[in-house]
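Report on one structure; see the data block that follows.
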Amino acid sequence: MADGLRLEGLSKHYGDNIALADVSLSVPDDTYISVLGPSGSGKTVLLRVIAGFEQPDGGTVQFGGERLDGVPAHRRGIGFAFQNFALFPHLSVRDNIAFGLMYRERDPVIGQRALRTKVEDIIELVGLTGLADRGVHQISGGQRQRVALARTLVTEPRLVLLDEPLGALDANLRGRMRGELRAIRQRLGVTFLHVTGSESEALAMGDRVIVLDRGRVGQFDSPDTVYNQPASPSVARFLNCYNIFAGRLEGGRFVAGQAAFATGGTPRAAAESAYCIRQDLIQIRSSESPPRDGEAGILASFVTSEYSGASVQYFFEADGGRGVEVEAHLGHRRPEELMPRQPYNLVWNAEQAVVFG
Amino acid sequence: MSTTIANAVVTNPPARAPGRSRSWTSYVLIAPGVAWMLLFLVLPILMMVYVSFWTQTTFTIKPILTTKSWEMFFSSDTYLASLWTTVRLWLIVLGCTVVVGYPTALFVGLFVRNKTLSTVLLVLCVIPFWTSFLIRVLAWRPMLGEQGAINIILMGLGLIKQPIEALLFTELSVVIGMTQIYCVFMVGPVAFMLSRIDPNIIEAARDLGAGFPRIFRKIILPLSMPGVVVGAIFVSVMVLGEFATPAALSGRKTNMLGNIIVTQVGSLKWAFAAVAGVVLTLVMGMVVALLLRIVDLRREL
Amino acid sequence: MNSAIVKPALAVYTGLFILFLYAPFIVLGILSFQTGPEGGPQFPIQEWSTYWYRHILGLTPPSRIAPLPIGEALIRSMVLAFMTMVVSTVLGVLSAQAFRKRFTGAGVVFYLIVLGMMVPGVLVGLGMALVANALGIDRTWWGTAFALHVVYTFPFAFLVMLAIFNRFDASVEEAAWSLGVPPARTFRRVTFPLIWPGVLSAMLFAFTLSYDEFARTLFSSGRELTLPLAIYGTFSVEIHPNVFAFGVLTTLFSFALLAVYAILMGISVRRARRLAIQEDIA
């Protein structure tokens, strides 16, 4: 069972809209994979093709070493958790969870006792004890999420596809469910493929992160690598924590409009040249202290700041109206008093910039 | 599980075009309905067209093709008169349903902005449909007769001295009866279209100083036209195919094509009945095509 | 705008309109209590009595006025309406289910089905009679007439189900498939319970339309009359208040049917409410 999920050259379009251009990847067993992509990147379509709800126009899906082309959804052994939970509204929590076991085609659980034990076990695992006989409309959003998960997990799929599973929950609950999802997955040893549009969710949850970019795999790496070394300017853009300057490389320097930045290391080849520096790696200095050796920087005037507890987000405007954002973590720096419309030097270590050219 | 999937792969060759299996199930699901309609709707209509060219003898028909029945239809004053009656009654009743129904639709759809009240009013209009159609027709007899309710009321009010005899067993009674029965089919679609008008548009027009007649002509009427056309299609199809209301309320004096078909079948003149049926079908087809010409329904709805 | 005048005027008009719709029934209801057997179907009421109701039920001494031939006709009409209801609802659900996926020819099929409710009863009735004659088949209410009743009611059931499926959240079905439950069983266990209120409406439509149908039945039912045909028969002869009394009774029956429907709907309302709540989240 070492073979996990393998996708080769998957493509799918709706009329002129390309949902999946050419997706190829191989996912190992027993891992938590997040799939990050902005809306329209084809991430939900990808899940639906893997689940068998949609047929791809081209390419293959393999799972456990078997090709799944034309295999109907109910014979794939792949679980699916919907963003809207898609609970059976006419059934109680218990019946929702028992549904798959009772009615599935392959070895349904017939004995009442066996069924009860399995259902009770999973109810305990996901923390729904005492709610088994409620209707699914009598429980909270977070509890519905757990029912949806329990319903899928109790059928023991080897792979569970989760389509924005936390999207319908409020921020508080979302934070709590993140940890629980990881814990449950680890205990059961299944593979989770978790689609999300939130970069923080993707990075926090996945052992590995797939970044989807216009129907292609933009990057497939560990969260750390994705975060520190985005594979392309678009990936950096999705991460929502980079300042990205368009321009071109000229003799070891990157020219973006009137500014020119020092580069450290070799720039990476990419279709689009760009200079990316993470917002939390920038220091704010007075306009009198320019970047030193090994540093790069840009002169920009302060616009405004936004305080969010653990950090402050500063907004600057460089020449040509280009916005530059700086994130300062309050743990190791005091918030600085900046004067609006005054110029400051924004400086960073050139080694830390990610350059594409 | 692997074996299940392996089996599935064997029985489902991967070369299959995507999406094929899904429309295949659609065809299986739709087949019984389509078969039923072809056998019991399309076949009878085609049969009717076919039989209209058969040879009619006194009590039987023979499958020897001839246009004799057709010639007879178009040379007989009775048949041509009934064709004219059908068209005339259709036009009058259609006009009446629009005139009688539109103001009600205007009130229910546009002026009553309280959802509950408008629903209650519409339900009130629909309740009569829960009684038998034939009883509804018959109910007009004690209303319109010489000693009917209307005459009694009018005489009681001193408006007339003699009962109006023309109320029952005339074309007028047929028109009144049909208008009452069918005008709800006009009220419904029109009220629906009117209820979709954004009140802000009318508000804005009023702010610009437009009076009600102007607002009605420029905004309300054009926006309600698709509703009128849908209602007109309902009413037309039903009125053109009528025979029971004239039979009950005209004292057999008003004969529509439907009545001709009924009497011809009664005297086993199947081929003539078929001719009248085909003529009726053609008239109806033209009427519906004409109405659809007025408003592009697919675009409007 | 002079809507200050327009609105009350329209309100009064609407009141008159509703009176116009109901007046014949009111008159009919009053006259059904005319005395019998000598009282006629017109005003004035000579004496209030329930004679004509008893007449219908065969509780009056024989008189020159023949009782309405409704006993067997009523049973036939009910059986026919029930058969029609079952078949047209099944066809309606199947066809609407088919329409949930796009398939080539869907447009033509849609019009073919809707044609069934548009084509006048006399035409299909005549056509069916001709087909039956040509094939040498006996025309019966449970055969040829039944086929035509379904032609008429199936489009209504189909449209009702189409509207229901339009609002149906297909992800619950996909959820069932992903649990390993095959599509047929998913339909039985998930889809059907959720569309049940719609199915109920379709059944109600089909039953009442068929129960009241006479234009199609007239040519295609042969010798044995259904209830509407029995009433239609009275058109040609002198009418008596027994027909009015009968009208009142059938109307009451229709309302009873409506009440049954309302109760069944009420039972499934809780289910529907659950569904609504679920949709709110989505």
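As the structure is a prediction and not an experimental result, all values here were calculated from the model. Naming: A, B, ... by sequence-line order, numbering from 1 per chain. As a basis for the values below, the full set of heavy atoms in this structure was taken, side chains included, without hydrogen atoms, waters or symmetry mates.
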- Task: Mind telling me whether B:Trp36 and C:Phe146 have parallel, tilted or perpendicular rings, with 30° and 60° as the class edges?
- Result: perpendicular
- Considering only heavy atoms, which portion of C:Tyr211 lies under 4.5 Å from any heavy atom of chain B: side chain, backbone, both, or neither? neither
- Query: With only heavy atoms counted, which part of B:Val237 is less than 4.5 Å from chain C, the side chain, the backbone, both or neither?
  - Reply: both
- Could you state the interatomic distance from CD1 (C:Ile231) to CD1 (B:Ile135), rounded to the nearest 0.5 Å? 4.0 Å
- If one checks every heavy atom of C:Val87 against chain B at 4.5 Å, the contacting part turns out to be side chain
- Message: Only pairs of heavy atoms separated by less than 4.5 Å count here; which of C:Phe99, C:Phe214, C:Phe158, C:Tyr152 has the most with chain B?
- Response: C:Phe214
- Item | Closest approach of B:Gly101 to C:Phe17 (non-hydrogen atoms, all atoms of both residues) | CA-CE1, 4.4 Å
- Which atoms of C:Val27 come close to chain B, meaning under 4.5 Å heavy atom to heavy atom: side chain ones, backbone ones, both, or neither? side chain
- Query: What part of B:Arg214 lies closer than 4.5 angstrom to a heavy atom of chain C: side chain, backbone, both or neither?
  - Reply: neither
- Task: Please round to the nearest 0.5 Å and tell me the distance separating atom CG of C:Leu10 and atom CG of B:Leu110.
- Result: 9.0 Å
- Message: Is C:Leu130 close to chain B through its backbone or its side chain, or both, or neither, when contacts mean heavy atoms under 4.5 Å?
- Response: both
- Toward chain C, the part of B:Ala274 with a non-hydrogen atom under 4.5 Å: both
- Task: Using non-hydrogen atoms and a 4.5 Å limit, figure out which bit of C:Leu252 sits close to chain B: side chain, backbone, both or neither.
- Result: neither
- Name the member of B:Ala273, B:Gly209, B:Gly148, B:Ala244 that forms the most heavy-atom pairs with chain C at distances under 4.5 Å. B:Ala244
- Taking B:Val184, B:Leu39, B:Ile127 one by one, which has the highest count of heavy-atom pairs under 4.5 Å against chain C? B:Ile127
- Under 4.5 Å heavy-atom distance to chain B, tell me which part of C:Val131 shows up: side chain, backbone, both or neither. both
- Query: Roughly how far, to the nearest 0.5 Å, is CH2 of B:Trp140 from CG of C:Leu28?
  - Reply: 12.0 Å
- Message: Using a 6.0 Å cut-off, check whether atom OH of B:Tyr102 has over 12 heavy atoms from anything other than its own residue.
- Response: yes
- With a 4.5 Å limit on heavy-atom distance, are the side chains of C:Leu94 and B:Ile30 in contact? no
- Note on the structure: Ranking C:Leu112, C:Val119, C:Ile113, C:Thr250 by heavy-atom pairs under 4.5 Å to chain B gives rank one to C:Leu112
- Does C:Lys7 reach the side chain of B:Phe107, with side-chain heavy atoms less than 4.5 Å apart? yes
- Item | Atom group of B:Met284 that falls short of 4.5 Å from chain C, counting heavy atoms | side chain
- Using non-hydrogen atoms only, which part of B:Val112 is less than 4.5 Å away from chain C: side chain, backbone, both, or neither? neither
- Query: So do C:Pro155 and B:Met37 actually touch side chain to side chain, heavy atoms under 4.5 Å?
  - Reply: yes
- Query: Which bit of C:Leu91 is near chain B, if near means a heavy-atom gap under 4.5 Å: side chain, backbone, both or neither?
  - Reply: side chain
- Query: Please walk me through it: do B:Phe243 and C:Tyr232 pass side-chain contact (heavy atoms from CB on, under 4.5 Å)?
  - Reply: CA-CA 11 Å; B:Phe243 62 92; C:Tyr232 180 72; 3.5 Å; yes
- Message: In the structure I gave you, are the side-chain heavy atoms of B:Thr131 and C:Asp212 within less than 4.5 Å of one another anywhere?
- Response: no
- Query: Does some side-chain heavy atom of C:Leu126 sit less than 4.5 Å from a side-chain heavy atom of B:Trp270?
  - Reply: yes
- Side-chain heavy-atom pair B:Ile233, C:Met118 within 4.5 angstrom cut-off: yes
- Query: Hey, which of C:Leu218, C:Val90, C:Leu148, C:Val150 has the most heavy atom pairs under 4.5 Å with chain B?
  - Reply: C:Val150
- Region of B:Val265 in contact with chain C, defined by heavy-atom distances below 4.5 Å: side chain
- Side-chain heavy atoms of C:Val124 within contact of B:Phe40, under 4.5 Å: no
- Note on the structure: C:Met128 and B:Pro44 have their tightest heavy-atom pair at N-CB, 3.5 Å
- Are side-chain heavy atoms of C:Lys101 and B:Thr25 found at a separation under 4.5 Å? yes
- Message: On a heavy-atom basis, which atom in B:Gly241 and which in C:Val122 lie closest, and how many Å separate them?
- Response: O-CG2, 3.5 Å
- Please look at C:Thr208 and chain B and tell me whether the side chain, the backbone, both or neither of the residue comes under 4.5 angstrom of a heavy atom of that chain. side chain
- Task: Would you mind checking which part of B:Val42 comes under 4.5 Å of any heavy atom in chain C, side chain (CB onward), backbone (N, CA, C, O), both or neither?
- Result: side chain
- Contacting moiety of C:Phe219, where chain B heavy atoms sit under 4.5 Å: side chain
- Between B:Ser26 and C:Phe103 the two heavy atoms that sit nearest each other are CB-CD2, 3.8 Å
- Message: Could you check whether any side-chain N or O of C:Tyr22 sits under 3.5 Å from a backbone N or O of B:Leu124, counting only pairs where one atom can act as donor and the other as acceptor?
- Response: yes
- Query: Checking B:Leu249 against chain C: side chain, backbone, both or neither under 4.5 Å from a heavy atom?
  - Reply: neither
- Whatever's closer than 4.5 Å to a heavy atom in chain B on C:Leu21 counts as both
